[in-house]
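Right, one structure below, let's go through it.
Order of listing sets the numbers, starting from 1, for every ligand and every atom in it. The first residue in the sequence is number 1, and the count goes up from there.
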Amino acid sequence: MVAKLIDGRAVARKVRGEYKLRVDQLLSQGVRPGLAVILVGDDAASQVYVRNKIRACDEIGIHSQTIRFASDTPQSQLIDTIQALNADPSIHGILVQLPLPKGFEMGRVLETISQDKDVDGFHLYNVGGLITGSTVFPPCTPYGVQKLLESEGIPIEGQNVVVVGASNIVGKPMALMLTAKEATVCICHAKTRDLAQFTILADILVVAAGRPNLILPQMVKTGAVVIDVGINRLPDGRLVGDVDFDGVRLKASYITPVPGGVGPMTVTMLLCNTVQAAERRLLSARAG
Ligand code: GUN
């Protein structure tokens with residue numbers, strides 16, 4: 001068996017096209033969706049991610065604003081800025097790029113963001129909504145994985161899903177979102193003993209551990225769907241995921257490449273959440 005490649009760039013292009021039309025609809029009603037991105041410090045990867053987010057906004061007509069702070073900025077200044085953005089009618093979504101430099105209280109900062117503008121879905125209110133299946137803003141990376149599975153018509157209900165990685169940004173929300181779709185979900189993490197005894201049971205294996213070659217062919221069930229969320233830069237400069245792609249693609253039924261798999265979807269789902277925030281505000285303004 002040779003796995004079918006899930007082309008994240010193609011799916012992202014299609015979804016962005018659909019959302020561009022929704023932006024045009026909003027523009028025709030006098031609303032331009034707006035996203036504010038806050039970047040604190042000079043983490044190199046974060047700079048790249050933020051640049052990509054801003055460029056993607058431009059492409060579909062979302063107004064964007066980047067606010068940069070030095071890493072020694074007092075937390076109170078960051079909080080004041082978020083409160084001002086909460087009150088700014090031209091802004092529908094607010095994103096604080098993570099990780100924050102040492103000394104910042106991430107929870108305190110994220111909880112300052114208005115629940116209605118929390119397009120990253122990291123506010124406790126939206127995290128709680130994942131438990132009940134009623135979150136307003138699904139976190140962007142797992143939301144992107146869900147879209148990729150949908151795009152290929154891969155069934156989720158009743159499937160055995162193993163998520164490798166228990167981060168708040170990917171692993172935990174992913175597990176909750178697939179549980180809501182009635183999969184049987186297991187979360188593995190860095191302390192899991194004998195990872196292979198879990199991964200081998202997976203009909204759908206989602207890997208977000210940040211370790212190149214963590215998943216080898218003998219750890220994967222024949223015909224499994226393998227979603228690689230990892231992005232690792234090797235010493236020779238190559239970008240790879242967490243899965244031994246060349247080996248596992250001979251065993252899986254579907255696999256996502258790195259780059260070009262999940263990555264393009266993360267930014268795309270941020271655009272979706274921002275457009276939806278603007279649509280929701282317009283609806284509630286009409287109702288109110
Ligand atoms: N850092 C790594 N991934 C993310 C993300 O999805 N959102 C934010 N805000 N920061 C991140």
Side-chain angles (χ1 to χ4, degrees), residues 8 12 15 34-57 62 64-69 71 75 78-79 81-82 85-86 91-102 104-115 117-127 130 135-148 163 165-177 206-211 227-233 239 241-242 258-259 261-274 276-277:
V15 174
L35 174 70
V37 178
I38 300 176
L39 178 58
V40 188
D42 48 16
D43 180 80
S46 292
Q47 313 255 10
V48 175
Y49 293 144
V50 166
R51 203 180 315 131
N52 289 342
K53 288 169 187 181
I54 298 301
R55 191 180 304 145
C57 283
I62 294 175
S64 65
Q65 181 182 351
T66 312
I67 301 166
R68 293 168 195 275
F69 289 110
S71 56
Q75 179 168 295
L78 179 55
I79 301 262
T81 301
I82 294 171
L85 292 166
N86 284 344
I91 294 298
H92 301 88
I94 302 170
L95 177 151
V96 177
Q97 186 65 30
L98 301 176
L100 284 169
K102 269 209 204 75
F104 284 88
E105 300 162 288
M106 184 183 65
R108 174 87 206 288
V109 170
L110 295 178
E111 261 89 87
T112 306
I113 297 173
S114 158
Q115 293 158 19
K117 299 190 178 187
D118 176 36
V119 285
D120 246 340
F122 294 161
H123 187 289
L124 278 186
Y125 176 85
N126 281 311
V127 174
L130 285 171
T135 194
V136 180
F137 298 112
C140 301
T141 300
Y143 192 13
V145 171
Q146 191 178 304
K147 269 272 179 217
L148 286 179
V163 179
S167 69
N168 291 338
I169 293 181
V170 184
K172 282 188 261 186
M174 183 82 263
L176 290 166
M177 288 163 70
V206 182
V207 192
R211 277 180 49 193
I227 306 289
D228 192 349
V229 185
I231 302 179
N232 308 289
R233 180 75 66 184
L239 209 56
D242 294 348
V258 177
V262 175
M265 294 303 291
T266 296
V267 176
T268 301
M269 302 328 284
L270 173 66
L271 304 179
C272 297
N273 277 346
T274 304
Q276 283 171 32

Provide, line by line, the atom pairs where ligand 1 and the protein bring an N/O atom each to a distance under 3.5 Å; else say none.
| unit_1 | atom_1 | unit_2 | atom_2 | d |
| --- | --- | --- | --- | --- |
| ligand 1 | 1 (N) | Q97 | NE2 | 3.4 |
| ligand 1 | 1 (N) | L98 | O | 2.9 |
| ligand 1 | 7 (N) | D120 | OD1 | 3.3 |
| ligand 1 | 7 (N) | D120 | OD2 | 3.1 |
| ligand 1 | 9 (N) | V96 | O | 2.9 |
| ligand 1 | 9 (N) | D120 | OD2 | 2.5 |
| ligand 1 | 10 (N) | Q97 | NE2 | 3.4 |
| ligand 1 | 10 (N) | L98 | N | 3.0 |

**Complete:** With V119 as partner, the option from I113, L270, L271 fulfilling side chain to side chain contact (heavy atoms under 4.5 Å, CB included) is L270
**Message:** Can a donor-acceptor pair be found, under 3.5 Å and without considering hydrogens, that links the side chain of D228 to the backbone of G230?
**Reply:** yes
**Asked** For D42, does its backbone N or O pair with a side-chain atom of S46 as donor and acceptor, under 3.5 Å?
**Response** no
**Message:** Within the structure provided, determine whether S114 and I94 are in side-chain contact (heavy-atom separation under 4.5 Å).
**Reply:** no
**Criterion side-chain contact (heavy atoms from CB on, under 4.5 Å) on V109 and L100, from CA distance to verdict** = CA-CA 10 Å; V109 170; L100 284 169; 4.1 Å; yes
**K117 and H92, any side-chain heavy atoms less than 4.5 Å apart** = no
